[in-house]
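Per chain, numbering begins at 1; letters A, B, ... match sequence-line order.
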Amino acid sequence: MGTKIASLIIKSRHEISITDLSEKIIAFDAYNIIYAFLSSIRNKESGGGYFTDADGNVTSHLNGLFYRMNNLLIHGIKPVFIFDGEPPSFKAAEIQSRRDKKAEAAKKREEALEEGDFEAAMKYAQATSRITPQIVQDAKILLNLYGIPIIDAPSEAEAQGSHLLQQGKIYALNSQDYDSFLFGGTRIVRNLAISQRRKVPGQSRWIEVSPELIILNEMLWELGLKNRDQLILLGLLIGTDYNPDGIKGVGPKTALKLVLKYKNPEKLFEYLDVKFGLDTIFPFSPFSLLDYFRNPNVESELLFQHRSPQFQKIQQFLVEERGFNRDRVEKQLLLFKKKSEQKTLDRFF
DNA sequence: CAAAGACA
DNA sequence: TGTCTTTGG
């Protein structure tokens, strides 16, 4: 439901500035952000290989996290990283499908490399990213040195983040898609990156993107939905991580119309059963999916606190253990220290 | 992706 | 000074 629901909401998407999030606790879906870095931070010359150190450890994500965390922390944002635990059984088919797509992309990359088409190889390489234990471990080391709390969710990070939102323990969840609203997340921040420009998937065109805040209640209001159940129904119709295709031939507009017409799960599913047959349009009983979104596996007793970054150790890890350029790292960390000192002074006076 | 370099 | 290109690991 990544982009499909975006077409339905306009007013409830608020353009914000990164400074609006100062002092706010923002949770990040760790695998999500790491995956984004693994995909985008790659070596063009080798046809899309990761950045690595001399020992072959992947460093693409460390590079991305380093600059991203510096910037977020400089702005006074308090990040929390949530790592996925065991995927729910509902996700098995989707996981397999992603695996197949990666294998396919890897094959195409090989072919492109053989033909010497490095640009095509790069494109396919980006679709092959896989998060290994080493990648996770290094990410956790770096985040720890930054004093950023790490949460190991029992299952889906988005579900855990949504729970923390409901408990009021965090201000917002950083996510590119809208799925966490189905889990009851109340606030989502999108496009929380540094650069305000993003390449359009089409070709060599760039667009301006600024962070945007979406609030669940406003979104429900704009859509004309009465409650979260109805939003979950909408999600099931257009597709979620657990039924990615949604219903063939039913786009966002039709989906919304159907939810508004039938209003509750029983009536909607009854209609769908008569029209299509529930078995043919859902991989699982839609009632069980609905129930899953209502009540996902999360941990309720989490406590976390932010600590000060250990600059010396960050530098030591990146430079001495992962082959980063000393001057670059030093310069960035100095800037960080300077700006955060300035910020505390500003607050004081 | 984000910073640094090149260039007008 | 702002924009486009190259580099980073």
Side-chain angles (χ1 to χ4, degrees), chain A residues 2 17-19 21 26 28-75 77 79 81 118-119 121-132 134-139 141-143 145-146 148 174-177 189-212 309 311 314-340:
Chain A
S17 152
I18 196 162
T19 53
L21 300 175
I26 310 288
F28 293 80
D29 180 337
Y31 276 80
N32 201 272
I33 189 171
I34 289 172
Y35 188 86
F37 287 139
L38 291 180
S39 298
S40 61
I41 304 178
R42 283 168 173 275
N43 182 352
K44 263 200 188 115
E45 281 137 52
S46 73
Y50 293 125
F51 282 14
T52 61
D53 67 8
D55 301 326
N57 296 302
V58 175
T59 52
S60 295
H61 63 311
L62 298 180
N63 195 307
L65 285 171
F66 174 61
Y67 292 110
R68 181 76 62 88
M69 292 311 107
N70 286 343
N71 277 285
L72 294 180
L73 294 172
I74 281 172
H75 285 94
I77 292 172
F81 269 66
F118 285 71
E119 204 173 323
M122 171 86 174
K123 197 184 76 189
Y124 292 124
Q126 290 181 311
T128 65
S129 306
R130 219 168 48 82
I131 300 178
T132 64
Q134 179 258 323
I135 288 172
V136 172
Q137 194 187 336
D138 274 8
I141 289 173
L142 184 62
L143 292 168
L145 295 176
Y146 269 104
I148 293 169
N174 175 249
S175 180
Q176 274 315 101
D177 56 47
V189 178
R190 302 178 74 242
N191 307 332
L192 192 48
I194 316 308
S195 98
Q196 301 290 285
R197 288 166 22 139
R198 180 166 300 174
K199 201 168 177 177
V200 180
Q203 278 288 308
S204 51
R205 201 160 60 86
W206 299 76
I207 47 160
E208 292 289 314
V209 283
S210 32
E212 61 181 29
F311 293 104
I314 291 170
Q315 180 168 325
Q316 189 183 327
F317 175 60
L318 292 178
V319 174
E320 279 153 45
E321 298 193 37
R322 291 298 178 267
F324 279 58
N325 180 283
R326 176 175 297 277
D327 291 343
R328 254 178 114 101
V329 170
E330 210 163 42
K331 182 185 166 195
Q332 197 68 22
L333 291 178
L334 268 162
L335 189 79
F336 180 4
K337 275 189 249 183
K338 204 178 102 189
K339 289 210 177 171
S340 33

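Regarding contacts with the backbone of B/dA4, a side-chain N or O of A/K331 is found under 4.0 angstrom from either OP1 or OP2. Regarding contacts with the backbone of B/dA3, a side-chain N or O of A/N71 is found under 4.0 angstrom from either OP1 or OP2. Distances shorter than 4.0 Å separate some side-chain N or O of A/R68 from OP1 or OP2 on B/dA2.
With rounding to whole Å, A/N63 atom CG is found 8 Å from B/dA2 atom C1'. Distance A/R42 CZ to C/dG9 C1': 13 Å, rounded to the nearest Å. Between A/Y67 atom OH and C/dG8 atom C1' the separation is 7 Å, expressed in whole Å. The CD atom of A/Q332 sits 12 Å away from the P atom of C/dG9 (whole-angstrom rounding). Per the geometry, CD belonging to A/E119 stands 14 Å off C1' belonging to C/dT5, to the nearest Å. In this structure, A/E45 atom CD and C/dG9 atom P are separated by 14 Å, rounded to whole Å. The separation between A/K44 atom NZ and C/dT5 atom P is 10 Å, rounded to whole Å. Between A/D327 atom CG and B/dG5 atom P the separation is 10 Å, expressed in whole Å.
Note on ring orientation: taking the six-membered ring where Trp is involved, the planes of A/F324 and A/F66 are perpendicular (angle over 60°, cut-offs 30° and 60°).
Residue-level contact check: A/G323 touches the backbone only, with heavy atoms under 4.0 Å from sugar-phosphate atoms and none from bases. If you check every strand for non-hydrogen atoms under 4.0 Å, A/Y50 touches a base. Residue contacts shown for A/T59 are limited to sugar-phosphate atoms, with no base heavy atom under 4.0 Å away.
Within the model, atoms CZ of A/R322 and CZ of A/F51 stand 16.0 Å from one another, a figure rounded to the nearest 0.5 Å.
More than 12 heavy atoms of other residues, nucleotides or ligands sit less than 6.0 Å from atom NZ of A/K337.
Nearest nucleotide to the side chain of A/F51, out of B/dA2, C/dG9, B/dA4: C/dG9.
Using a cut-off of 4.0 Å between Lys/Arg side-chain N and Asp/Glu carboxylate O, A/K44 and A/E119 are scored as not salt-bridged.
Relative to the ring axis of A/Y50, A/R42 places its NZ or CZ within 45° and under 6.0 Å from the centre.
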